[in-house]
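Notes to accompany the following structure.
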2 protein chains.
Amino acid sequence: MTSDKLFHFTQDLNKLYRGISEIFPNVTDSQDVNENLGQRLAQCDRPLRVKLGIDPTGADIHLGHSIPVRKLRAFQDAGHTAVLIIGDFTARIGDPTGKSEVRRQLTPEEVAQNAQTYLEQVRPILDFDTPGRLEIRYNSEWLSKLDLAKILELLATMTVGQMLEKEGFDLRYKQQSPIFLHEFLYPLMQGYDSVAVEADVELGGTDQKFNIAVGRDLQRHFGLTPQFGMLMPILLGTDGKQKMSKSLGNYVGLREDALTMYSKLEKTPDSLVKDYFELLTDKSLADLPSDARERQKLLALDVVSQYHGEEEAQKAQKDAENLVGGKTFQADTVPEFSLASVNFPAKLFYVVSASGLCKSSSEARKQIQGGGVRIDGEQKMDVNLTFDFPESLYGKVLQLGKNKFVRLVQ
Amino acid sequence: MTSDKLFHFTQDLNKLYRGISEIFPNVTDSQDVNENLGQRLAQCDRPLRVKLGIDPTGADIHLGHSIPVRKLRAFQDAGHTAVLIIGDFTARIGDPTGKSEVRRQLTPEEVAQNAQTYLEQVRPILDFDTPGRLEIRYNSEWLSKLDLAKILELLATMTVGQMLEKEGFDLRYKQQSPIFLHEFLYPLMQGYDSVAVEADVELGGTDQKFNIAVGRDLQRHFGLTPQFGMLMPILLGTDGKQKMSKSLGNYVGLREDALTMYSKLEKTPDSLVKDYFELLTDKSLADLPSDARERQKLLALDVVSQYHGEEEAQKAQKDAENLVGGKTFQADTVPEFSLASVNFPAKLFYVVSASGLCKSSSEARKQIQGGGVRIDGEQKMDVNLTFDFPESLYGKVLQLGKNKFVRLVQ
C-alpha cells in the first residue's frame with residue numbers, strides 16, 4: 001500500500017459518520033483494520049463496496065427511506081462503490097403461506113416496474129454517473145441458483161436459539177404467535193447477499209442489526225472478511241410521534257410535488273427539526289437560524305431543493321407563504337366557504353363540490369384523482385379521504401388547480 | 001371400480017397388520033377410504049405404493065432394520081408396490097456443521113457402495129423379481145432439483161412451534177442444547193420424498209411418526225392424497241434391555257454367517273422370544289412350542305433359514321448343539337485351556353495366542369480380523385475385544401477355523 005493510492009479517497013469521517021446510530025464492530029483501540037472502520041478507511045487501497053438492500057414491493061418511497069441512500073451517496077463522494085441490491089427474488093416469491101397481504105407475490109413485470117420507480121426516486125440522491133461509483137444488482141442473480149445442499153449449509157451456520165433471539169421472533173415465540181419456518185431463511189438470504197457482492201460495509205436502519213450481523217457470519221463462513229454494519233436511526237414522521245410511514249399519513253414522499261413537500265416540511269415540529277437537518281440535509285447544525293420558524297423554512301427549502309432543484313423550491317416557498325400566511329397574493333380576496341352546511345363526517349370530494357370549486361361530486365372526484373386538489377398547499381389524492389369533524393378544516397385554504405381557492409370557515 | 005379388479009390383491013389384513021404398533025389415520029367407523037387403511041385396501045383398484053426410506057451411511061444392517069423391510073414384503077405379497085428410497089442426497093452432504101462424526105460426508109462412490117451392500121442384505125427378504133413389485137429410488141433425483149423458491153414453500157408449511165414439538169428437538173430446546181437450523185429441513189426432506197414418489201403408505205419405526213406426519217402434510221399441500229403411516233416397534237437387542245444396535249453389541253447382523261446368527265438367537269431371553277417370533281418370522285404365535293428351550297431353537301432356526309436357507313440353518317443348529325451341549329462330536333476330546341495363566345483384563349487376541357490355537361499374537365489378530373475365531377459358536381471379529389474378568393469365559397469353547405477348539409476353564 002502506498003500513500004499515493006490513498007489520494008483517491010476523501011476520507012471525511014465527519015461526513016460519513018454524520019447522524020449514524022451505531023457502527024459495528026467498532027473496537028476503538030484496535031489497530032486491526034477489520035475491527036474499526038476509521039482504520040479501514042484510512043488504509044484502504046481500493047474503493048470499499050458499500051451495500052444497501054432495497055425491497056421492490058412498493059412503488060412510493062419517502063424521506064425515511066432516503067436516509068441510508070444519502071449515506072450511500074456520502075460513501076460515493078468519498079470515492080467508494082455503492083452496491084444497491086434490489087431484492088427481486090423475495091418479491092417474486094411473495095409470502096409462501098399466502099397469509100400476508102403486504103407480501104403478495106409480484107410478477108417479474110411488477111418487480112421490474114417497482115425497481116425502476118425506486119431508481120427514479122433515488123436518482124436525485126445518488127451519483128449515477130461517475131464510473132465505478134454505482135453497482136445495481138438483483139439478488140435473484142445468486143439466490144435463484146442456490147440448491148438444497150447450499151441452503152442446508154447456510155442454515156447450519158445458525159441455531160434455533162440464535163434465530164429466536166432476533167427482535168420480533170423473540171416476542172412472537174413467547175406470545176405463541178406462529179413463526180413459519182421459512183421466515184428463518186430471510187435473514188440468511190439477506191446475509192448471503194453480502195457474500196455474493198462481497199460487501200465491505202452494509203447500511204441499514206437500527207432494525208437491521210441482526211440481519212447485518214448474519215451477513216458478517218456468513219461472509220466469515222465463506223472465507224471473506226466480514227463487513228461493517230452502519231446503522232441509521234428510524235426517521236420519525238411529520239407528526240413527531242410515530243416512525244414515518246405511508247400508512248400513517250405522516251410521511252413526505254420523494255415523488256410529491258415541490259409545494260406539497262414544502263408545505264409538509266415547513267410544519268415539522270421543532271423537536272424534530274434538528275434530527276431532520278442532521279439526517280436529511282448536509283447543513284452544519286452549528287449554523288442553523290435561531291428562530292424556530294426560520295429553521296422550519298430553511299429545512300423545507302433545503303430538502304425540496306434536493307428533489308426539485310433550488311428554483312422550484314423557492315417557488316414552492318413563495319406559493320406556500322402566499323397561501324398560508326395570506327400576506328400578499330390576494331389574501332383578502334380568497335372567498336370563504338362555511339362548513340356549517342356540510343354534514344360531518346364528510347368526504348373530501350363532497351367538501352370540494354359543496355364549496356363550489358367543482359360543479360359536481362364526480363368532477364370533484366376526478367380532480368382529486370388527478371392531483372388538482374390541495375388543502376393548505378398539500379396535494380390530496382385520496383378520493384375517500386374523510387373528515388370526521390369540521391374543526392380540523394377551519395381556517396384552511398382549499399385549492400383547485402392553480403388559481404381557484406376558498407378558505408374553509410365555521 | 002369393479003370387483004374384478006379387487007381379485008388382483010390378497011388383502012390379508014392379519015398379515016399386513018401383524019406386529020405393528022400404530023397405524024394412522026385409523027378412524028374405525030369411517031367409510032372414507034383415506035381415513036382407514038382397511039377400507040382403502042379393500043377398495044383399491046391399483047397397487048398401493050408403500051414407501052420405506054433407508055439411510056445409506058453404514059454398511060451393516062441387523063434384524064432390527066429388517067422389520068419394516070419384512071412388512072414391505074408383506075405388502076408386495078399382497079400385490080402392492082414396494083418403493084425403497086435410498087437417502088443418497090443427505091449422505092452425500094453429510095452434516096453441514098462438520099460436528100457429527102456419524103454423519104460425515106460420503107463420496108458418491110461410498111454412497112453407491114453402501115446402497116449396494118444394503119440391497120444385497122435385504123435381497124433375501126424382498127421380492128426383487130415379480131414385475132411391478134419393487135421400485136428403488138434415490139432421493140437425489142428430486143432433492144437435488146429443489147431451488148430456494150421451492151424450499152421456502154416447504155418451510156412455510158410448518159411453524160417453529162410445531163417443529164420444536166418433535167421428540168428430540170423438544171428436549172434439546174429445553175436443555176438449551178443447540179439445534180442447528182438445517183436440522184429442521186430433514187423432516188421436510190423426508191416428507192418431500194413422499195410427495196415425489198406419491199406414497200400411499202409409509203413404513204417406519206415408532207420414532208418416525210413425526211416425519212411421516214410431515215409427509216402427509218406436504219402431500220396435502222401439493223394436492224395429493226395423504227399417505228397412511230404404519231409404525232413398527234423398535235426391536236430390543238439380544239440382551240433384552242436396550243434397542244438392538246451394532247454399537248451396543250446386542251445385535252444380529254444380516255451378513256453374519258449361519259452359525260453366528262444361530263448361536264446368538266438361540267440364547268434370546270424368553271421374555272423377548274414372542275416379540276421376536278411376531279416381528280421376525282411368519283410363525284403363528286398360537287402354535288409355538290410350550291418348552292422355552294424349544295421355542296428358542298425354533299426361533300433361531302426360522303430366522304437363520306430366512307437368510308441362509310433351511311439346509312444351512314439345520315447345519316448351524318447341529319454345529320451349535322455339538323459345540324455348546326458337547327453331547328457328541330468329540331465333546332470329550334476338546335482340550336481344556338486354563339485361564340489361570342492369563343492376566344485380566346485380557347484382549348481376545350492374547351487369549352487365542354496363549355491358548356495355543358495360534359502361534360503368535362499377530363497370527364491371532366489376523367485370524368480374528370479374518371473371521372476365523374469364535375466363542376461358543378459366535379464369530380468375534382473385533383481385534384480389540386477385551387475381557388475384564390476370566391469368569392465370563394469359564395466353560396466356553398474357543399474355536400479357530402472349522403476344526404480347532406479349546407474349552408476355557410478356571
Side-chain angles (χ1 to χ4, degrees), chain A residues 88-100 103 105 139-166 169-170 172-189 191-193 214 217-218 221, chain B residues 88-100 103 105 139-166 169-170 172-189 191-193 214 217-218 221:
Chain A
D88 66 328
F89 184 83
T90 331
R92 270 159 46 183
I93 290 177
D95 174 30
T97 66
K99 287 185 176 123
S100 165
R103 268 198 148 140
Q105 189 170 14
N139 67 1
S140 61
E141 178 191 336
W142 47 86
L143 293 182
S144 65
K145 284 179 199 144
L146 288 182
D147 62 12
L148 180 51
K150 197 82 167 182
I151 291 164
L152 283 165
E153 185 181 351
L154 293 181
L155 287 166
T157 61
M158 286 188 76
T159 69
V160 177
Q162 288 168 338
M163 194 56 95
L164 284 177
E165 275 170 23
K166 179 174 151 73
F169 285 154
D170 183 38
R172 284 165 63 195
Y173 190 69
K174 281 181 190 143
Q175 293 176 337
Q176 304 201 313
S177 154
I179 301 168
F180 288 88
L181 292 184
H182 71 287
E183 299 182 64
F184 281 0
L185 257 178
Y186 291 122
L188 290 162
M189 286 158 63
Y192 191 68
D193 289 348
V214 170
D217 290 341
L218 287 183
H221 176 81
Chain B
D88 67 327
F89 184 83
T90 332
R92 272 159 47 183
I93 290 176
D95 173 31
T97 65
K99 290 189 175 118
S100 166
R103 268 198 150 141
Q105 189 170 16
N139 67 2
S140 61
E141 177 191 337
W142 48 87
L143 292 183
S144 66
K145 284 179 198 144
L146 288 182
D147 62 11
L148 180 52
K150 196 80 165 188
I151 291 164
L152 283 164
E153 185 181 350
L154 292 181
L155 286 166
T157 61
M158 284 187 77
T159 69
V160 177
Q162 287 168 339
M163 194 56 94
L164 284 177
E165 277 172 23
K166 179 174 152 71
F169 285 154
D170 182 36
R172 285 165 64 194
Y173 190 69
K174 281 181 191 144
Q175 292 177 338
Q176 304 201 313
S177 156
I179 301 168
F180 289 87
L181 292 184
H182 70 288
E183 301 182 63
F184 281 180
L185 256 179
Y186 291 124
L188 290 162
M189 286 157 65
Y192 191 68
D193 288 349
V214 169
D217 290 342
L218 287 183
H221 176 82

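Computed from heavy atoms alone, side chains included, the values below leave out hydrogens, waters and symmetry copies. Labels below follow one simple rule: chain letters A, B, ... track the order of the sequence lines, proteins then strands, and each chain is numbered from 1.
- Contact count against chain A (heavy-atom pairs under 4.5 Å) is highest for B:L143 among B:T157, B:L188, B:T90, B:L143.
- Counting heavy-atom pairs under 4.5 Å between each of B:I93, B:L152, B:L185 and chain A puts B:L152 at the top.
- Chain A forms the most heavy-atom pairs under 4.5 Å with one residue out of B:E153, B:M163, B:M158, and that residue is B:M158.
- Qualifying side chain to side chain donor-acceptor pair (under 3.5 Å) partners for B:S140, counting only residues two or more places apart in sequence or in other chains: B:D88.
- With chain A as the partner, the residue from B:M189, B:K150, B:R92, B:Q176 showing the most heavy-atom pairs under 4.5 Å is B:M189.
- Ring geometry, B:F180 versus B:H182: the interplanar angle falls from 30° to 60°, so the pair is classed tilted.
- A donor-acceptor contact shorter than 3.5 Å is absent between the side chain of A:K166 and the backbone of A:Q162.
- Of the listed residues (B:I151, B:D147, B:L146), the greatest number of heavy-atom pairs within a distance under 4.5 Å of chain A belongs to B:I151.
- Here the NZ atom belonging to B:K174 is positioned 3.5 Å from the CG atom belonging to B:D170, to the nearest 0.5 angstrom.
- Residues passing the ring pair (Phe, Tyr, Trp, His ring centres under 6.0 Å) test with A:F169, sequence neighbours excluded: A:F184.
- With a threshold of 4.5 angstrom between heavy atoms, B:L154 does not approach chain A through any atom at all.
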